[in-house]
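Here's the structure we're looking at; comments come further down.
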Amino acid sequence: MSTKASEIARQGTLPNDELDRLMAAMDGPGGWGGALARLDLPVLSKKRFWFTDAKKSAFYKTLTVGGFGEALDVGAGSGVIAEGLAEGFDHVVALERDARWCRFIQRRLHQDKVTNVGGVLGGALTPP
C-alpha cells in the first residue's frame, strides 16, 4: 500500500476516488451494502467494518443522557454511529464536514429507511 493510502486508511477515511466509486455503485443491487461488498478497492477493502460495525455506537448508548431524545454525531463519516443511535433517540444529527460524506450518509439513510437521522454539513469548529 502506498504511503498516501496507508495514511488515509489509518485516519479512517477513503480517498476521494474510492468514495466516488462507492457512491456510483450505491444504486446497484443491495444499495450501499451491496456496493461495499462488491467493490475491491485498496483502502475500502481494509475498512469495510468502518461502515458496518454496529458496536461503534454501543458505547454511546450506555451514557446517561437528558430527556430530550436527541443526539449529535460529530464527524459522522460513514454514518454507522448515527444510524446505531437512531434506535435509541427520537432524532439524531449526523454532522459531517466533508460534503461527499454528507451525501453518502444521506443516501445510506434513505436506502436503509432511517427517518430520524439528518445528515448536516458542518464541523465541530464550524457548525452550521
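Each residue takes its place number in the sequence, starting with 1. A quick note: this is a predicted structure, and the numbers were derived from the prediction, not measured.
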Handout entry: Side-chain heavy atoms of P29 within contact of R38, under 4.5 Å
Key = yes

Completion exercise
Between I105 and A76 the two heavy atoms that sit nearest each other are CD1-CB, 3.6 Å

Problem - Backbone of G119 reached by a side-chain donor or acceptor of Q106 within 3.5 Å - result: yes

Exercise for the section: Please answer whether the main-chain N or O of R103 pairs with a side-chain N or O of R107 as donor and acceptor at a distance below 3.5 Å. Expected result: no

Exercise for the section: Please check if atom CZ in R100 has more than 12 non-hydrogen atoms from other residues, nucleotides or ligands closer than 6.0 Å. Expected result: yes

Problem - Check: N16 main-chain N/O paired with R21 side-chain donor or acceptor under 3.5 Å - result: no

Exercise for the section: Could you give me the CA-CA distance, side-chain angles and deciding distance for M23 and M26, then say whether side chain to side chain contact (heavy atoms under 4.5 Å, CB included) is met? Expected result: CA-CA 5 Å; M23 290 184 63; M26 285 177 77; 4.1 Å; yes

Practice task
Answer yes or no: is there a donor N or O on one side and an acceptor on the other, between the side chain of E96 and the main chain of L121, under 3.5 Å?
Solution key: no

Handout entry: Worked verdict on T52 versus V80 for side chain to side chain contact (heavy atoms under 4.5 Å, CB included)
Key = CA-CA 6 Å; T52 60; V80 67; 5.8 Å; no

Practice task
Give a yes or no on whether V92 and F59 share a hydrophobic cluster (residues Ile, Leu, Val, Met, Phe, Trp, Tyr; joining criterion: side-chain heavy atoms under 4.5 Å apart).
Solution key: yes

Problem - Distance (rounded to the nearest 0.5 Å) between D73 CG and F89 CZ - result: 11.0 Å

Handout entry: Test log, rule side chain to side chain contact (heavy atoms under 4.5 Å, CB included), inputs D112 and E83
Key = CA-CA 9 Å; D112 290 349; E83 192 166 323; 2.9 Å; yes

Completion exercise
Taken to the nearest 0.5 Å, the spacing of W32 CH2 from Q111 CD works out to 9.0 Å

Problem - Aromatic plane relationship, F104 with F51 - under 30° parallel, 30 to 60° tilted, over 60° perpendicular - result: perpendicular

Practice task
Kindly give the heavy-atom pair with the smallest separation between A25 and L39, and that separation in Å.
Solution key: CB-CD1, 4.2 Å

Practice task
Taking E18 for its side chain and V43 for its backbone only, find out whether a donor-acceptor pair lies under 3.5 Å.
Solution key: yes

Exercise for the section: Establish whether L85 and V93 are linked, either directly or via other cluster members, by ILVMFWY side-chain heavy-atom contacts under 4.5 Å. Expected result: no

Exercise for the section: Give, for atom OG of S78 and atom CZ of R48, the distance between the pair rounded to the nearest 0.5 Å. Expected result: 13.5 Å

Practice task
Would you sort out whether L72 and L95 count as a side chain to side chain contact (heavy atoms under 4.5 Å, CB included), showing the intermediate values?
Solution key: CA-CA 7 Å; L72 172 65; L95 184 65; 3.9 Å; yes

Exercise for the section: Kindly say whether E70 contributes a backbone atom to a donor-acceptor pair with the side chain of D90 at under 3.5 angstrom? Expected result: no

Handout entry: Neighbour count >12 (heavy atoms, 6.0 Å) for atom CZ, R97
Key = no

Problem - Backbone N/O of L41 and side chain of S45: donor-acceptor pair under 3.5 Å - result: yes

Completion exercise
Between the CG atom in L19 and the CG atom in L44, the distance rounded to the nearest 0.5 Å is 9.5 Å

